[in-house]
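The figures here come from the full heavy-atom set of this structure, side chains too, leaving out hydrogens, waters and symmetry mates.
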Amino acid sequence: MRSLNSKFGPPNKSGVVRKHIARSLIGQAVELLVGSHTIVHGVVTNVMTEAGTPKLVVGGARYDLSQILTTMPASLDRQLHSAS
């Protein structure tokens, strides 16, 4: 009987790290770059995996980790926006 690692190869360590990072962002306020001129602001509500790549769910849409510009606790984000 073959082990899981020998059948499929060693796990992709960078992929595992990306999934952990994505999950740690649930509940965080983020700003994401969409296209070259659009910034989306919202709170990460979930993480989904598409083709083995984690995607952040913000406002019902999915975004890649590479689109993140900033992150902060949602409570701090609310304080900053209510002060403006």
**Report entry** Residue pair Asp64, Lys55: steps toward the side chain to side chain contact (heavy atoms under 4.5 Å, CB included) verdict
**Finding:** CA-CA 5 Å; Asp64 192 79; Lys55 301 288 183 178; 3.4 Å; yes

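Going from atom OG1 of Thr53 over to atom CZ of Arg62 covers 12.5 Å, rounded to the nearest 0.5 Å. Of the inter-residue distances, the one linking Ile21 atom CD1 with Arg18 atom CZ reads 7.5 Å to the nearest 0.5 angstrom. Interatomic distance, CG of Leu32 versus OG1 of Thr71, reported as 10.0 Å (0.5 Å rounding). Rounded to the nearest 0.5 angstrom, Leu56 CG and Arg23 CZ are separated by 12.0 Å.
Thr70 places no side-chain N or O within 3.5 Å of a backbone atom of Val30 that could act as its donor or acceptor partner. The backbone N or O of His41 sits nowhere less than 3.5 Å from a side-chain atom of Glu31 that would complete a donor-acceptor pair.
Looking at every heavy atom in both residues, Thr45 comes nearest to Ile26 through O-CG2, 4.1 Å. Closest approach of Pro54 and Val47 over heavy atoms only: CB-CG1, 4.1 Å. Heavy atoms only, all atoms of each residue included: Val58 and Tyr63 are closest at O-CE1, 3.6 Å.
By the criterion of side-chain heavy atoms lying less than 4.5 angstrom apart, applied directly or through intervening Ile, Leu, Val, Met, Phe, Trp or Tyr residues, Val44 is grouped together with Val40 in one hydrophobic cluster. Ile68 and Val57 sit in two unconnected hydrophobic clusters of ILVMFWY residues. Membership requires side-chain heavy atoms under 4.5 Å apart, directly or through other members.
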